[in-house]
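Presented below is the structure to which this report refers.
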Amino acid sequence: MIYWFFYSNLQLFMTEEIRLLKEVLILPKKISIITHRNPDGDAIGSSMALSRYLTKQGHSTKVIFPSEYPVGYGFIEGVSLSVIFDSDPDQARSVIDNSEVIFCLDFNGLDRVDKLGENIQFSKAKKILIDHHLDPEPFTDIEFSDINASSTCELVFKVIEGMGDIAKIDTSIGEALFTGLITDTGSFRYGTRPYTYEVASKLKELGVDDYKLADKIFNSQKEKHLRLLGHCLANRMEVIKDYGVGIMWLTKQDYIDFEIQRGDTEGIVNYMLMIENIKVAAFVLEQPSIIKISLRSKGDISVQEIAQKYFNGGGHKNAAGGGVYANLQDIIDKVKKVMPLYLPKIQS
Ligand code: 5GP
Ligand code: MN
């Protein structure tokens with residue numbers, strides 16, 4: 001009963017947006033789809049799925065990533081045809097400038113797409129947001145924004161469903177969408193709602209082989225990834241038992257020694273949450289040009305608030321991040337100083 005109420009609300013909140021979207025897409029359009037820097041499984045999956053769906057409708061589409069995608073997601077159909085701003089800025093800008101419609105997926109503010117933000121901001125194209133982050137900035141014309149959605153992939157499914165096109169979801173669109181469901185929920189361990197499982201169920205019915213997909217997502221690591229994980233756990237981790245905080249870091253030298261590339265560190269921060277009583281995990285990365293911070297939490301502690309207030313970032317309640325120009329040790333010290341403000345001292 002309660003579920004029916006939420007579900008019908010979910011339908012309602014998108015009716016007007018779907019009507020507007022149908023108007024925009026009534027004739028074939030030149031469309032670009034853009035997602036956030038350091039694209040993850042949800043960003044890549046939602047972009048590729050939407051692109052394939054729109055192409056099947058007769059539109060001409062191009063996906064743009066501000067920076068390189070992790071090679072492990074190379075199995076998602078069409079991903080190798082995307083344009084990467086870092087490697088080809090002129091093409092990326094020209095695709096956006098020539099678009100009649102721009103979809104912005106899995107991000108809520110133009111600062112998440114670097115310099116492309118300017119091209120989006122000044123473009124005359126119709127801009128459409130599909131996203132599940134808190135408080136989207138008002139830079140688009142049509143917003144499909146829902147922080148209760150597990151993932152942007154879940155929302156892309158919802159939009160396709162709203163368009164009356166579930167039958168157009170083939171297995172490759174389905175696989176791309178299922179990828180975001182799996183990765184943004186940590187394999188259905190957090191961030192889900194009843195509708196998430198409905199989407200998973202429908203995708204499975206449509207032919208997605210979720211076991212094979214999980215194998216592709218999780219069991220394609222290179223030896224160097226496991227060596228790096230071992231190094232982080234053995235040599236770069238500190239546990240502050242009094243407050244239930246785990247801190248990990250990587251130095252510039254580590255980036256050289258382990259030949260770390262974009263995406264290689266993804267997921268490592270979560271290991272700290274496996275330790276009993278750890279409520280917050282922080283991963284501080286001394287990247288070549290910036291210090292990047294990844295934060296994860298359990299339960300009620302909002303790392304989104306911490307990232308926004310202290311590390312120039314944002315994100316979700318239990319998964320957030322930021323970036324600062326500073327000294328590695330200063331940031332590690334700052335993490336140690338800030339965390340106790342949010343966590344009660346554990347009595348031993
Ligand atoms: P990760 O720790 O995996 O890099 O990022 C986790 C989440 O935090 C992302 O999904 C994104 O929502 C958010 N996030 C990460 N880095 C930044 C940042 O620099 N700025 C903002 N606003 N959000 C970020
Ligand atoms: Mn997401």
Side-chain angles (χ1 to χ4, degrees), residues 34-50 65-70 72-73 104-114 117 129-137 139 144-158 176-186 190-192 196 199 232 246-250 260 262-273 280-285 287 289-297 302-326 331 335:
I34 178 156
T35 187
H36 59 80
R37 189 172 182 79
N38 300 332
D40 54 10
D42 188 33
I44 301 166
S46 57
S47 304
M48 298 324 302
L50 182 67
F65 298 124
S67 62
E68 193 62 69
Y69 60 86
Y73 290 117
C104 298
L105 263 54
D106 203 36
F107 68 95
N108 58 354
L110 290 177
D111 63 331
R112 301 284 287 130
V113 292
D114 297 346
L129 180 88
I130 308 181
D131 179 50
H132 66 134
H133 294 88
L134 199 66
D135 300 331
E137 285 171 12
F139 65 97
F144 295 95
S145 160
D146 184 358
I147 60 159
N148 295 315
S150 68
S151 52
T152 298
C153 281
E154 182 179 314
L155 284 177
V156 168
F157 182 94
K158 184 91 201 101
L177 292 177
F178 214 113
T179 298
L181 290 189
I182 292 180
T183 55
D184 258 25
T185 63
Y190 46 79
T192 64
T196 314
V199 175
C232 290
I247 303 176
M248 217 177 241
W249 63 93
L250 280 171
I260 299 173
R262 217 171 274 297
D264 288 353
T265 52
E266 205 181 305
I268 294 180
V269 61
N270 297 310
Y271 280 87
M272 286 184 278
L273 293 180
V280 175
F283 198 6
V284 187
L285 303 152
Q287 294 182 349
S289 64
I290 194 172
I291 305 254
K292 174 93 185 61
I293 297 123
S294 271
L295 299 170
R296 299 290 184 271
S297 65
S302 170
V303 282
Q304 188 269 338
E305 197 182 315
I306 299 175
Q308 195 171 33
K309 203 159 167 190
Y310 298 97
F311 301 109
N312 192 29
H316 311 272
K317 187 174 164 194
N318 295 129
V324 282
Y325 295 95
I331 295 304
V335 170

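For ligands, and for the atoms within them, numbers begin at 1 and follow the listed sequence. Values below: every heavy atom of this structure, side chains too, minus hydrogens, waters and symmetry copies.
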Legend entry - Residue part near ligand 1, for Lys292, under 4.0 Å between non-hydrogen atoms: side chain
Inset, instruction - Report the part of Arg296 in contact with ligand 1, treating N, CA, C, O as backbone and CB onward as side chain, heavy atoms under 4.0 Å; options are side chain, backbone, both, neither. - result: side chain
Inset, instruction - Would you mind reporting whether Phe283 and Ile293 have side-chain heavy atoms less than 4.5 Å apart? - result: no
Legend entry - Protein residue, atom and distance nearest to atom 22 (N) of ligand 1, heavy-atom basis: Gly314 N, 3.3 Å
Inset, instruction - Just let me know how Glu266 lines up against ligand 1, side chain, backbone, both or neither, with a heavy-atom cut-off below 4.0 Å. - result: neither
Inset, instruction - Report the nearest protein non-hydrogen atom to atom 19 (O) of ligand 1: residue, atom name, distance rounded to 0.1 Å. - result: Gly322 CA, 3.5 Å
Inset, instruction - Locate the shortest heavy-atom distance separating Ser297 from Val280; write the atom from each residue and the value. - result: CB-CG2, 4.1 Å
Inset, instruction - Could you find the nearest protein heavy atom to atom 17 (C) of ligand 1 and give me its residue, atom name and distance? - result: Gly321 O, 3.3 Å
Legend entry - Within-shell test, Arg112 vs ligand 1, heavy atom, strictly < 4.0 Å: yes
Legend entry - Close N or O approach (Leu295, ligand 1; < 3.5 Å): no
Inset, instruction - Considering heavy atoms of the protein only, find what lies nearest to atom 20 (N) of ligand 1 and give residue, atom and distance to 0.1 Å. - result: Gly313 CA, 3.6 Å
Inset, instruction - Nearest 0.5 Å please: distance from the CZ atom of Phe65 over to the NE2 atom of His36. - result: 9.5 Å
Inset, instruction - Give the intermediate values and the outcome of side chain to side chain contact (heavy atoms under 4.5 Å, CB included) for residues Leu285 and Thr265. - result: CA-CA 9 Å; Leu285 303 152; Thr265 52; 4.0 Å; yes
Inset, instruction - For His316, check ring pair (Phe, Tyr, Trp, His ring centres under 6.0 Å) against everything at least two apart and list the hits. - result: His132, His133
Legend entry - Per-atom contacts, ligand 1 versus Ala320 - under 4.0 Å to a heavy atom: 2 (O), 7 (C), 8 (O)
Legend entry - Distance criterion under 2.8 Å: protein N/O/S atoms around the Mn ion (ligand 2): 4
Inset, instruction - May I ask you to test the Asp184-Ser150 pair for a side-chain heavy-atom distance under 4.5 Å? - result: no
Legend entry - Where Pro70 and Glu266 come nearest, the two heavy atoms and their spacing: CG-OE1, 3.9 Å
Legend entry - Flag side-chain contact, heavy atom, 4.5 Å: Phe139 against Cys104: yes
Inset, instruction - Kindly indicate whether the side chain of Ile260, heavy atoms from C-beta on, has any atom under 4.5 Å from the side chain of Leu250. - result: yes
Inset, instruction - Report the nearest protein non-hydrogen atom to atom 12 (O) of ligand 1: residue, atom name, distance rounded to 0.1 Å. - result: His133 NE2, 2.9 Å
Legend entry - Top protein contact for atom 7 (C) of ligand 1, by heavy-atom distance: Ala319 O, 3.6 Å
Inset, instruction - Spell out, as yes or no, whether a donor-acceptor pair under 3.5 Å connects the side chain of Asn108 to the backbone of Leu134. - result: yes
Inset, instruction - Report yes if the side chains of Thr152 and Phe107 come closer than 4.5 Å at any heavy-atom pair, otherwise no. - result: no
Inset, instruction - State the CG-OH distance between Leu273 and Tyr190, to the nearest 0.5 angstrom. - result: 8.5 Å
Legend entry - Minimum-distance protein heavy atom relative to atom 2 (O) of ligand 1: Ser294 OG, 2.5 Å
Legend entry - Which of the ligand 1 atoms, numbered from 1, are nearer than 4.0 Å to a heavy atom of Gly315: 8 (O), 12 (O), 13 (C), 23 (N)
Legend entry - Ser67 side chain to Asn38 backbone, donor-acceptor under 3.5 Å: yes
